[in-house]
Amino acid sequence: MPELPEVETVARQLRPALVGATIQRVLVKDQKLSDLLAWELEGCTFVDVTRLGKQVVLSVSSGSQAAYVAVHLRMTGRLIWDDGTPLRTVQFQQAALQRPPIEKHLRAECVCSSGRLSFFDPRRFGTIQVTADYESLRPVGLDPTTEDFTERALVKLLENAKQPIKQWLLRQDRLVGLGNIYASEILFASRIHPERLGAALVTDEIKQLRLQTKRILARAIRHCGTTFSDFQDSTGSVGGFQRYLKVYNREGEPCPRCGALIERIVQQGRSTFLCRGCQQ
DNA sequence: GGGTACCTGAAA
DNA sequence: TTTCAGGTACCC
């Protein structure tokens with residue numbers, strides 16, 4: 001589920017709730033996450049929640065000791081804070097369309113003084129890593145929401161890109177944070193055909209690519225990672241479902257820009273959506 | 001680089 | 001029943 005904006009949203013929403021809470025007990029329900037137990041997290045206090053790439057990083061400390069719990073949600077992970085007030089499971093809008101999390105999918109839990117932080121993950125792809133070295137968690141790819149994502153930097157990264165641009169955008173060792181949905185959306189907004197080779201893009205296209213990447217990510221973050229729906233009302237109405245997405249999951253629908261039918265192609269085993277009218 | 005594997009559940 | 005899923009580590 002989560003690409004950069006969704007992970008950013010989770011981090012932002014958890015931060016104020018979690019900071020200051022002290023961990024009393026750590027429960028691990030899924031053996032794959034048992035590394036968690038090797039750390040003495042009981043007694044530690046949450047001091048920050050940040051995002052690194054697509055990971056949510058929970059910073060904890062106990063006296064002078066610091067540790068960092070890096071949670072990668074992969075496809076279906078969810079981090080939910082429950083402090084007894086009405087449960088805000090709506091972390092980002094896609095989540096609002098999911099069922100509420102169920103006990104069967106609870107993989108790990110952190111019981112705190114003021115509430116509990118639960119990690120749900122039906123598909124069990126999610127990972128949790130703990131380290132004392134924050135820098136070791138930093139991804140190699142460039143974060144496109146930072147100032148370092150300049151036109152020059154993108155030009156440089158694309159110089160040797162022998163892959164189709166869509167596949168290249170998904171590489172976390174180049175840019176971090178994009179996933180299958182935003183990659184299609186960004187290429188549509190940039191009017192670049194997803195099968196163009198990265199190294200073949202011309203200056204104007206690279207300009208657009210950078211601009212649209214920044215624009216789309218910023219807007220998505222502003223909307224709390226509202227990738228799929230634009231539901232605003234508390235009734236949970238999904239009338240505006242998918243209004244935000246221009247091409248993703250819209251095969252056969254008319255392109256909102258030129259009216260041509262949106263197509264779905266498969267690249268490296270994954271769906272890409274495009275408009276041939278707009279993306280030559 | 002390109003398939004395949006990892007898992008489970010929802011939808012076709 | 002089959003296919004698909006917003007991610008990535010691992011194999012050749």
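Here is the naming used below: chain letters follow the sequence lines, and residue numbers restart at 1 for every chain.
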* Rounded to the Å, how far apart are A:L197 CG and B:dG1 P? -> 10 Å

* To do: Between B:dT4 and C:dT3, how far apart are the P atoms? Round to whole Å, please.
  => 14 Å

* Asked: A:L170 has an atom CG; how far is it from atom P of C:dA5, in whole Å?
  -> 13 Å

* Asked: Under the 5.5 Å and 30° test, is A:F125 stacked on the base of C:dT8?
  -> no

* Of the nucleotides B:dG1, B:dG9, C:dG7, which has the atom closest to the A:P122 side chain? -> B:dG9

* **Minimum-distance pair of heavy atoms, taken over all atoms of A:L33 and A:G126** => CD2-O, 4.0 Å

* To do: Examine A:L27 and A:L106 and state if one hydrophobic cluster contains both, with Ile, Leu, Val, Met, Phe, Trp and Tyr joined whenever side-chain heavy atoms are less than 4.5 Å apart.
  => no

* What's the closest nucleotide to the A:Q163 side chain, out of C:dT8, B:dC6, B:dG2? -> B:dG2

* To do: Check whether any side-chain nitrogen or oxygen of A:S271 sits under 4.0 Å from OP1 or OP2 of C:dA5, and answer yes or no.
  => yes

* Asked: Among B:dC6, C:dA5, B:dT8, which nucleotide sits nearest the side chain of A:R124?
  -> B:dT8

* Taking OP1 and OP2 of C:dT8, is either one under 4.0 Å from a side-chain nitrogen or oxygen of A:K54? -> yes

* Asked: Can you find a side chain N or O atom of A:Q268 that sits less than 4.0 Å from OP1 or OP2 on B:dG1?
  -> no

* What's the NZ-P distance between A:K166 and B:dG1, to the nearest Å? -> 17 Å

* To do: Compute whether any side-chain donor of one residue and acceptor of the other, for A:D83 and A:T85, lie under 3.5 angstrom apart.
  => yes

* Asked: Does the side chain of A:K104 get closer than 4.0 angstrom to OP1 or OP2 of B:dG9 through an N or O atom?
  -> yes

* To do: Using side chain to side chain contact (heavy atoms under 4.5 Å, CB included) as the criterion, point out the one residue from A:T9, A:V56, A:T145, A:V176 that pairs with A:R51.
  => A:T145

* Asked: For A:I181 and C:dA5, what is the distance between atoms CD1 and C1' respectively, to the nearest whole Å?
  -> 10 Å

* Report yes if a side-chain nitrogen or oxygen of A:R74 is closer than 4.0 Å to either non-bridging phosphate oxygen (OP1 or OP2) of C:dA5; otherwise report no. => no

* Asked: Is the closest basic N to carboxylate O distance between A:E151 and A:R210 below 4.0 Å?
  -> no

* Asked: Near A:R215 CZ, under 6.0 Å, is it more than 12 heavy atoms from other residues, nucleotides or ligands?
  -> yes

* Asked: In terms of ring plane angle, is the pair A:Y244 and A:H223 parallel, tilted or perpendicular, where the classes change at 30° and 60°?
  -> tilted

* Asked: How many Å lie between CG on A:N180 and C1' on C:dC4, as a whole number?
  -> 12 Å

* Structure fact -> A:H105 has its side chain closest, among B:dT8, B:dC6, C:dG7, to B:dT8

* With P as the reference atom in both, quote the distance from C:dC4 to B:dG3 in angstrom, rounded to an integer. => 16 Å

* Starting at the 5' end of DNA chain C, what dot-bracket string do you get if Watson-Crick and G-U pairs under 3.5 Å are bracketed, crossing pairs use [ ], other-strand pairs use | and unpaired bases use dots? -> |||||.||||||

* To do: Using distance alone, with no hydrogens and no angle criterion, decide if A:R124 and A:H105 have a side-chain donor and acceptor under 3.5 Å apart.
  => no

* To do: Taking atom types as modelled, find out whether A:S184 and A:T272 have a side-chain donor-acceptor pair closer than 3.5 angstrom.
  => no

* What is the distance from CG of A:D173 to P of C:dC10, rounded to the nearest Å? -> 14 Å

* To do: Using atom CZ of A:R270 as one end and atom C1' of C:dT8 as the other, report the distance to the nearest whole Å.
  => 9 Å

* **Nearest-angstrom distance from the residue atom NZ of A:K162 to P of B:dG2** => 11 Å

* Asked: So, is A:Q172 close to the C:dT8 phosphate, meaning a side-chain N or O under 4.0 Å from OP1 or OP2?
  -> yes

* Asked: Among the nucleotides B:dG9, C:dG7, C:dA5, which one has an atom lying closest to any side-chain atom of A:R264?
  -> C:dA5

* Span that lies between the P atom of B:dC7 and that of C:dC11, in whole angstrom -> 15 Å

* Check: A:R123 side chain, B:dC7 base, donor-acceptor under 3.5 Å -> yes

* Remember a base hit wins even if backbone is also touched, and classify A:T127 as base, sugar-phosphate or nothing at under 4.0 Å, heavy atoms. => nothing

